[in-house]
**Student:** 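Shown below is the structure under consideration.
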2 protein chains.
Amino acid sequence: MKKQERQRYIKRLLSSREIERQEDFVSLLRAENIDVTQATISRDIKDMQLVKVPSATGGYHYSMPVQKKMDTEKKLKRTLKDAYVSYATQDKFVLIKVLPGNGPALASLIEDMHYEHVFGTVGDDSTVLIICKSLDATLELQQTLQRLLSDN
Amino acid sequence: MKKQERQRYIKRLLSSREIERQEDFVSLLRAENIDVTQATISRDIKDMQLVKVPSATGGYHYSMPVQKKMDTEKKLKRTLKDAYVSYATQDKFVLIKVLPGNGPALASLIEDMHYEHVFGTVGDDSTVLIICKSLDATLELQQTLQRLLSDN
DNA sequence: TCCAGTCTTTCATATTTATGCAAAATAGCT
DNA sequence: AGCTATTTTGCATAAATATGAAAGACTGGA
């Protein structure tokens, strides 16, 4: 499955960098040895319903679609509230304990959010380890999670 | 204030129709005797951080930005929870009673959401009247409001 | 294997969107 | 009012994006 794999890469790129133009996707994918043209990216973007957001700083960047993002955050919030047990943090890591069975779901929701600050996540049955991109990022993420936990 | 007024119009158009291209804004505004070029619209869109969303049905349409939408919904939820007293509905109307002083705020938040189903709102000190676009729309809106009230 | 149908990609290009620059409008002064 | 600085706009066009049409890949039979 070529297309799906590429679209997974695209998702990953989305969260890792500020992507301003479709051609950026082309270059970045080329760097990973995936060869496509802008035309294909345009169709992928339509498929995946990505949007080009005018950023506060004056530029533009591609991002997840509105609805999906809202839905995901809602699910994430619910899962957190339902299953949250405790959390700890050290260095660039945030370790969340949840009720048995909820680890993978939570990890996957966090992935889906494509948080700027998150490098990656792993989850077993009752634990999710989030690896952040920096110490600052870790703080930011903590705040995000706390916000989600305390309703709002 | 020319620009701001135009941008208010743009917001209103956003919620009332599916707008596919910037030129559509130009035509629709022209119909309201506001004369602009696509260049200006492009800049307005950047200002307002509107996004062009690939819709499920194959086309594209402009829409409110992610962050703002989420923020507004949050505020709306909080206001509702804080100030809600009761509501009633009849025909295409939903009438919400709130604690004194909260009417205008609530009305304005509902406006800001640009709900598909809402034709318009008016609020006095402790009442908000929402006029929906159809009977079905009224039901939909009720559900939306109930969802907001019952957390989620 | 060979074929028909379906899906995906590229190429070329049409369409749409963004922007540099000059002109016009607006806002503050005095 | 008259002048200057700032903001906003349109024009022209560059830049970016979307898409028809043809070619290539893949799929599931016969």
Side-chain angles (χ1 to χ4, degrees), chain A residues 1-69 114, chain B residues 1-69 114:
Chain A
M1 270 306 132
K2 197 77 178 311
K3 184 179 167 189
Q4 287 183 21
E5 195 197 353
R6 183 184 60 245
Q7 296 198 349
R8 267 200 304 284
Y9 268 95
I10 288 179
K11 271 200 184 178
R12 273 216 265 146
L13 287 174
L14 260 194
S15 47
S16 67
R17 326 188 176 217
E18 291 282 285
I19 296 185
E20 300 183 326
R21 303 189 313 297
Q22 300 188 352
E23 287 291 354
D24 292 346
F25 279 114
V26 176
S27 328
L28 290 169
L29 287 173
R30 195 154 285 160
E32 310 226 30
N33 257 24
I34 300 178
D35 237 329
V36 273
T37 58
Q38 173 269 326
T40 298
I41 296 295
S42 172
R43 293 196 174 95
D44 281 339
I45 281 171
K46 192 172 189 176
D47 263 22
M48 302 169 72
Q49 299 187 253
L50 302 186
V51 296
K52 186 175 166 191
V53 188
S55 46
T57 60
Y60 296 85
H61 71 273
Y62 279 94
S63 140
M64 294 281 289
V66 183
Q67 198 49 58
K68 213 158 278 179
K69 215 166 180 169
H114 292 96
Chain B
M1 268 307 132
K2 197 78 176 311
K3 183 179 167 189
Q4 287 182 21
E5 195 196 352
R6 183 184 59 244
Q7 295 198 348
R8 266 201 304 284
Y9 268 94
I10 289 179
K11 271 199 184 181
R12 273 216 265 145
L13 287 175
L14 259 194
S15 47
S16 66
R17 326 187 178 216
E18 291 280 286
I19 296 185
E20 299 183 328
R21 303 189 312 296
Q22 299 189 353
E23 288 291 355
D24 292 346
F25 280 114
V26 176
S27 329
L28 290 169
L29 287 173
R30 195 153 286 160
E32 310 226 30
N33 256 25
I34 300 178
D35 236 328
V36 272
T37 57
Q38 172 270 326
T40 299
I41 296 295
S42 172
R43 294 190 178 101
D44 282 339
I45 282 172
K46 192 172 186 175
D47 264 22
M48 304 168 72
Q49 299 186 253
L50 303 185
V51 296
K52 187 177 168 191
V53 189
S55 46
T57 60
Y60 296 85
H61 71 273
Y62 279 93
S63 141
M64 295 279 288
V66 184
Q67 198 48 58
K68 213 158 278 180
K69 215 166 180 169
H114 294 96

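Being a predicted model, the structure only gives us computed values, none of them experimental. Atoms considered below: every heavy atom in the structure, side chains included; atoms not considered: hydrogens, waters and symmetry mates.
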**Student:** Taking only residues two or more places apart in sequence or in another chain, which ones pass side-chain contact (heavy atoms from CB on, under 4.5 Å) with A:E32?
**Tutor:** A:Y9, A:L13
**Student:** Check whether any side-chain heavy atom of B:Q49 sits under 4.5 Å from a side-chain heavy atom of B:M64, and report yes or no.
**Tutor:** no
**Student:** Taking only heavy atoms on the protein side, list every residue of residues 24-31 of chain A lying under 4.0 Å from any atom of DNA chain C, sorted numerically.
**Tutor:** none
**Student:** Below 4.0 angstrom from OP1 or OP2 of D:dT17, is there any side-chain N or O of A:S42?
**Tutor:** no
**Student:** Expressed as a whole number of angstroms, how long is the span from A:Q49:CD to D:dA18:C1'?
**Tutor:** 16 Å
**Student:** Show, in sequence, the C-alpha distance, side-chain angles and deciding distance for A:R8 and A:K11, and conclude whether the side chain to side chain contact (heavy atoms under 4.5 Å, CB included) test is met.
**Tutor:** CA-CA 5 Å; A:R8 267 200 304 284; A:K11 271 200 184 178; 5.6 Å; no
**Student:** Grab the NE2-P distance between A:H61 and C:dA18 for me, whole Å please.
**Tutor:** 14 Å
**Student:** To the nearest Å, give me how far apart CD1 (B:I41) and P (C:dT17) are.
**Tutor:** 11 Å
**Student:** Does D:dT17 have OP1 or OP2 sitting under 4.0 Å from an N or O in the side chain of A:K46?
**Tutor:** no
**Student:** Expressed as a whole number of angstroms, how long is the span from B:K2:NZ to D:dG10:C1'?
**Tutor:** 12 Å
**Student:** Any idea which heavy atoms bring A:V51 and B:P54 closest together, and the distance?
**Tutor:** CG1-CD, 4.0 Å
**Student:** Nearest 0.5 angstrom please: B:D35 CG to B:R30 CZ, how far?
**Tutor:** 4.5 Å
**Student:** Take atom CG of B:D44 and atom P of D:dT9, then tell me their distance rounded to the nearest Å.
**Tutor:** 7 Å
**Student:** CG/B:L50 to CD1/B:I10 distance, rounded to the nearest 0.5 angstrom?
**Tutor:** 7.0 Å
**Student:** Is there a side-chain polar atom (N or O) of A:T40 under 4.0 Å from OP1 or OP2 of C:dT10?
**Tutor:** yes
**Student:** What is the distance, to the nearest angstrom, from the CD atom on A:E5 to the C1' atom on C:dT9?
**Tutor:** 16 Å
**Student:** Hey, is the side chain of B:Y60 poking within less than 4.0 Å of OP1 or OP2 on C:dT17, counting only N and O atoms?
**Tutor:** no
**Student:** Show me the protein contacts with nucleotides 11-16 of chain D, counting only N or O atoms at under 3.5 Å.
**Tutor:**
{"from": "D:dA16", "atom 1": "OP1", "to": "A:R21", "atom 2": "NE", "distance (Å)": "2.7"}

**Student:** In whole Å, I'd like the distance from the CD1 atom of A:I19 to the C1' atom of D:dT17.
**Tutor:** 16 Å
**Student:** What I'd like to find out is whether the side chain of B:H61 reaches to under 4.5 Å of the side chain of B:K52, using heavy atoms alone.
**Tutor:** no
**Student:** Would A:D47 and A:K3 satisfy salt bridge (charged side-chain N to carboxylate O under 4.0 Å, His left out), going step by step from the backbone distance to the final call?
**Tutor:** CA-CA 11 Å; A:D47 263 22; A:K3 184 179 167 189; 3.0 Å; yes
**Student:** Whole Å only: how far is the CG atom of A:D47 from the P atom of D:dA18?
**Tutor:** 12 Å
**Student:** Any side-chain donor-acceptor pair under 3.5 Å between A:Q38 and A:E23?
**Tutor:** no
**Student:** So which one's nearest nucleotide on DNA chain D is more toward 5', B:D35 or B:G58?
**Tutor:** B:D35
**Student:** Is the distance from OP1 or OP2 of D:dA25 to the nearest side-chain N or O of A:K3 less than 4.0 Å?
**Tutor:** no
